[in-house]
There are 2 protein chains.
Amino acid sequence: MKPQGKKKATIYDLSVLSGCSASTVSAVLNGTWRKRRIKESTAELIQGLAEQHQYTANLQARGLRNSRSGLVGLLLPVHDNRYFSSMAQTFEAQVRSHGKCPVVVSASRDPQEELATVETLISYSIDELFIAGATDPDSVHGLCEAAGIRHINIDLPGTKAPSVISDNYQGARLLTQAIIKRFDDAASPLKPEELFLFGGRNDHASRERIKGFRDIKTELLGHDSDACIQPTGYSPGMTQKAFEAFYEREGKLPRGLFINSSINFEGLLRFMAQHPHETFADIVVGCYDYDPFGSFLPFPVIMIRQDTESMLAKAFELIEETRPAVKIHLIQPELVHPRTALKGPLDSIRDIDA
Amino acid sequence: MKPQGKKKATIYDLSVLSGCSASTVSAVLNGTWRKRRIKESTAELIQGLAEQHQYTANLQARGLRNSRSGLVGLLLPVHDNRYFSSMAQTFEAQVRSHGKCPVVVSASRDPQEELATVETLISYSIDELFIAGATDPDSVHGLCEAAGIRHINIDLPGTKAPSVISDNYQGARLLTQAIIKRFDDAASPLKPEELFLFGGRNDHASRERIKGFRDIKTELLGHDSDACIQPTGYSPGMTQKAFEAFYEREGKLPRGLFINSSINFEGLLRFMAQHPHETFADIVVGCYDYDPFGSFLPFPVIMIRQDTESMLAKAFELIEETRPAVKIHLIQPELVHPRTALKGPLDSIRDIDA
DNA sequence: ATTATTTGCACCATCGATTGTGCAAAAAAG
DNA sequence: CTTTTTTGCACAATCGATGGTGCAAATAAT
């Protein structure tokens, strides 16, 4: 058994054991010992002791001293859907490849919670912050700015820090167009009042998507009325209610549905669970998010896959610039046809079998 | 504009501003000032200044001093599936309700990565660690033990720390039984060689599930052969290959499929994308994981929903005991019939509309 | 042998917050 | 007006790691 009695070894313990000063030990263990002209043999001695005693640096102490922590944060609205969980997954991989420690936290799309969470992260001297889908990116910016923390917006743009978002307008056009195309050889052509958009709220992404939807819809179907836009917020429950209300009123669902996110799509699932399959036997759904299971549902589901990999790569690139321009970088999303199982971040994880 | 010039205010700044000593400031701001007999008026003075100058404690310094950080960690295998992302979601909620700060990290089911990650967390003086699905919980235990960190296993049990896992044996029995029942009024009854299990590896969960599967299968169908168990690891790619191989050999898929996790289920999706729908028109799938979209696929999908809420609640309960018994606590999972959209952790998030 | 360099390391202040201890001034008791 | 008690707070050590500075001893140059 190793001396793993109670407390963790510190440089002071190793200092005593080695007969060297604590600063020497520190230099050896953090790799700056050549700069400090420490003899190779002393370095080896100390490294040996460190290993024996399972020394690991106290990162809080180190962080306190250099006011950097080695932590890189990702602030998410929520964990529990494939868009954000896959973002978390690629984020972790990328941060690790930079030799830092990823930290992922969610703030429930609650401005208060966002600020509180970011304050906490700042208090831990986080080095960089990726702000994904903040409701109020500019306030978050304020905190980071005041603390001198490099940060960048993902998914929802801010006006005060560089932002990397997916091209929601283009994506929505693609998606809407694909929905409409699906009806090309249908018995009866799709009428403008049969194509609805559900979900989202008054955020940048939703606005752009709605714009894209309306533009292309008007272009292809000749008309679009306000009634066809149903922003229900980002909750499955609210979305379900919206569908129920619609169904109550019209006795059926629209044949063409643009659904603003997979979270809203879950609202449709809840509706479906309450109604016989015939209710939506002939609908076509476009969902602005990709979920592999969603892609195989028993009606055509066209999805948009946002390119989190590129978004994060771009974000890393920007965050490393000394003085990145405060502009919005658009990343093109990808249209995913029904019944498609794309590879994801999990595929780069090596799997060991039993 | 507030004095948010550059650096964050410290107790020393407030000390100067208020004319009090730093220790007084500290006491006031961390709430121990009554114990320390600080006059109410001084407290108010300092609190006022703190607010004005947007003081927030440097948590690294505090953590260094008390060798606690206020951080509670959750170690996941991966983020990117609904089981773990919903675990992360409920974890965060529960940790916050305890007034602490949640930290979620994944380690890719890689023993090395797991240990390295935990070491890092320990170096930040994390207070408690929830270890979910570690490949090697007992080594992780070693690290925590040495550092005096309270920890608990979730999902995959260890032998040295208390564990909260779902009752995989029972769950598998339920699921297998439900699959078989589905064929009760089929044209031809299900034969033993038509019911397969795919996915998983040699971990505790898989073993239990396989046991449950085989037991009930033997019970109800009279026989089960080793050939019907196909552990493919936890990767979609490998699982897909297994299905392709099977299909190559047999010209069809088994009519009854027990799939060990949603990750493996994704392997089936990939297979499906390559083949016409008729290939699996009449299959029944049981998946040991719940995914709302998976539940609505165009063939019957019976799912098991593991009760992460209860698991975490139990885990919190245990981790707060001074000397919890090293035993395994089983949490009953829930059978989810096809076309069911359950509520999840996102439903407890309040949504504000535009 | 003397001076000039280089080598190898120790010393100490510092990061920001916490806490045990001690000591004046104010209030109460006598 | 003393003596005792209480009130209110300051001091200083501490947590662990870092890095600037300084100073001997070893080595090289003259």
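In this entry the distance linking OH of B:Y124 with C1' of D:dA17 reads 13 Å, nearest Å. Regarding B:I122, its CD1 atom lies at a distance of 17 Å from the C1' atom of D:dG16, rounded to whole Å. Distance, A:I38 CD1 to D:dG19 P: 13 Å, rounded to whole Å. Atom C1' of nucleotide D:dC9 and atom CZ of B:R34 are separated by 16 Å, given to the nearest angstrom. The separation between B:K35 atom NZ and D:dT7 atom P is 16 Å, rounded to whole Å.
The aromatic ring centres of A:F84 and A:H79 sit 6.0 Å or more apart.
Between the side chains of B:E114 and B:T135, at least one donor N or O sits under 3.5 Å from an acceptor N or O. With hydrogens and angles left out, the side-chain atoms of B:D110 and B:S108 include no donor and acceptor closer than 3.5 Å. For the 3.5 Å distance criterion, the side chains of B:Y55 and B:D13 fail to qualify, holding no donor opposite an acceptor.
Side chain of B:D155 to backbone of B:I165: no donor-acceptor contact under 3.5 angstrom is found.
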Applying ring pair (Phe, Tyr, Trp, His ring centres under 6.0 Å) to B:H151 and B:F130, what does each step give before you reach the verdict?
CA-CA 6 Å; B:H151 57 290; B:F130 291 70; over 10 Å; no
Readout for nucleotides 15-22 of chain C: B = base within 4.0 Å of protein heavy atom, S = sugar-phosphate only, - = neither; 5' to 3' it is BBBBBB--
